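Reviewing the structure listed below.
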Amino acid sequence: QIKLVEAGGGLAQPGGSLTLSCAVSGFNPDYGAIGWFRQAPGKGREGVSCIMKSDDTAGYADSVKGRFTISRDSAKNTAYLQMNRLKPEDTAVYYCAADFPNPGVREACLGAAVDDLDFWGRGTQVTVSS
């Protein structure tokens, strides 16, 4: 059974930092792409960042470029989203998503359509407020 479990959300002040993690299990064969999308109250889903397992190529939404960094640890089967210089508009539920290395997955991942990946976690709340 494929599972993605997010952790690390919470409350941060503007300008502060948080690190989200996503523990992955059950992929056989291994996943091909893993990333994050978010949904703020009353808004649609927005792809945040995604990384390809084959070559570690990563993509970012323009709204987070230069502030967020995605990474992964193969040994721990975990992906991370380091979020720096947080802004109130970053407030949202953040979801981890992943998929097998199927046709179209690379385009979805690097094209910011992270919510097109087939497997999602349950989400973790990030609130940025003073």
Side-chain angles (χ1 to χ4, degrees):
Q1 181 183 4
I2 291 173
K3 288 182 66 177
L4 289 80
V5 180
E6 301 97 337
L11 175 66
Q13 292 192 337
S17 299
L18 283 174
T19 301
L20 305 183
S21 65
C22 175
V24 182
S25 61
F27 273 92
N28 185 18
D30 208 350
Y31 65 87
I34 190 165
W36 300 85
F37 66 92
R38 65 189 180 186
Q39 187 162 24
K43 295 190 176 181
R45 293 189 290 260
E46 177 190 20
V48 175
S49 182
C50 191
I51 187 168
M52 298 300 299
K53 186 176 185 298
S54 59
D55 58 10
D56 282 331
T57 300
Y60 297 90
D62 288 343
S63 58
V64 307
K65 274 181 187 173
R67 300 188 298 121
F68 290 10
T69 303
I70 192 170
S71 62
R72 57 179 197 86
D73 185 329
S74 289
K76 295 181 179 179
N77 238 12
T78 299
Y80 302 94
L81 186 68
Q82 174 68 44
M83 306 186 294
N84 297 328
R85 305 203 313 272
L86 284 162
K87 303 175 180 180
E89 50 264 44
D90 294 319
T91 296
V93 178
Y94 283 70
Y95 297 87
C96 179
D99 210 336
F100 293 104
N102 293 331
V105 166
R106 186 177 184 93
E107 290 75 15
C109 175
L110 301 182
V114 185
D115 57 337
D116 280 353
L117 304 184
D118 279 348
F119 303 94
W120 299 4
R122 297 182 69 175
T124 186
Q125 176 70 47
V126 170
T127 302
V128 184
S129 174
S130 55

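Since we're looking at a predicted model, the values are computed, not measured. Numbers here simply count residues along the sequence, with the first being 1.
- With respect to Asp62 and Lys65, a salt bridge is recorded, a charged nitrogen being found less than 4.0 Å from a carboxylate O.
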Ile2 vs Phe100, side chain to side chain contact (heavy atoms under 4.5 Å, CB included): CA-CA, chis, key distance, verdict
CA-CA 11 Å; Ile2 291 173; Phe100 293 104; 3.8 Å; yes

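- The shortest distance between side-chain heavy atoms of Asp116 and Glu107 does not fall below 4.5 Å.
- At distances below 3.5 Å, at least one donor-acceptor pair connects side-chain atoms of Ser49 with backbone N or O atoms of Gly59.
- Using modelled atom types and a 3.5 Å distance limit, the side chains of Gln82 and Thr19 yield a donor-acceptor pair.
- Partner Tyr31 forms a side-chain contact (heavy atoms from CB on, under 4.5 Å) with one of Val105, Asp99, Asn77 and no other, that one being Asn77.
- Cluster membership for Tyr60 and Ile34, using ILVMFWY side-chain heavy atoms within less than 4.5 angstrom, is shared.
- By the rule that hydrophobic residues join a cluster once side-chain heavy atoms approach within less than 4.5 Å of another member, Leu117 and Met52 end up as members of separate clusters.
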Tyr95/Arg45 under side chain to side chain contact (heavy atoms under 4.5 Å, CB included): CA gap, chis, key distance, verdict:
CA-CA 10 Å; Tyr95 297 87; Arg45 293 189 290 260; 5.9 Å; no

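- Glu6 contributes a side-chain N or O that, together with a main-chain N or O of Arg122, makes up a donor-acceptor pair within less than 3.5 Å.
- Both Val48 and Leu18 belong to a common hydrophobic cluster when Ile, Leu, Val, Met, Phe, Trp and Tyr are linked at side-chain heavy-atom distances under 4.5 angstrom.
- Val114 and Leu81 fall into different hydrophobic clusters, where Ile, Leu, Val, Met, Phe, Trp and Tyr are joined by side-chain heavy atoms under 4.5 Å apart, directly or via other members.
- For the residue pair Glu89 and Ser63, no side-chain donor N or O sits within less than 3.5 Å of a side-chain acceptor on the partner.
- No path of Ile, Leu, Val, Met, Phe, Trp and Tyr side chains, each step under 4.5 Å between heavy atoms, connects Phe37 with Phe68, placing them in separate hydrophobic clusters.
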If you apply the rule side chain to side chain contact (heavy atoms under 4.5 Å, CB included), what do you find for Glu46 with Val64, and how did you get there?
CA-CA 11 Å; Glu46 177 190 20; Val64 307; 5.8 Å; no

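- Side-chain rings of Phe119 and Phe27 approach one another, their centers coming within less than 6.0 Å.
- Here the straight-line distance linking atom OG of Ser130 with atom CG of Leu11 works out to 9.5 Å at 0.5 Å rounding.
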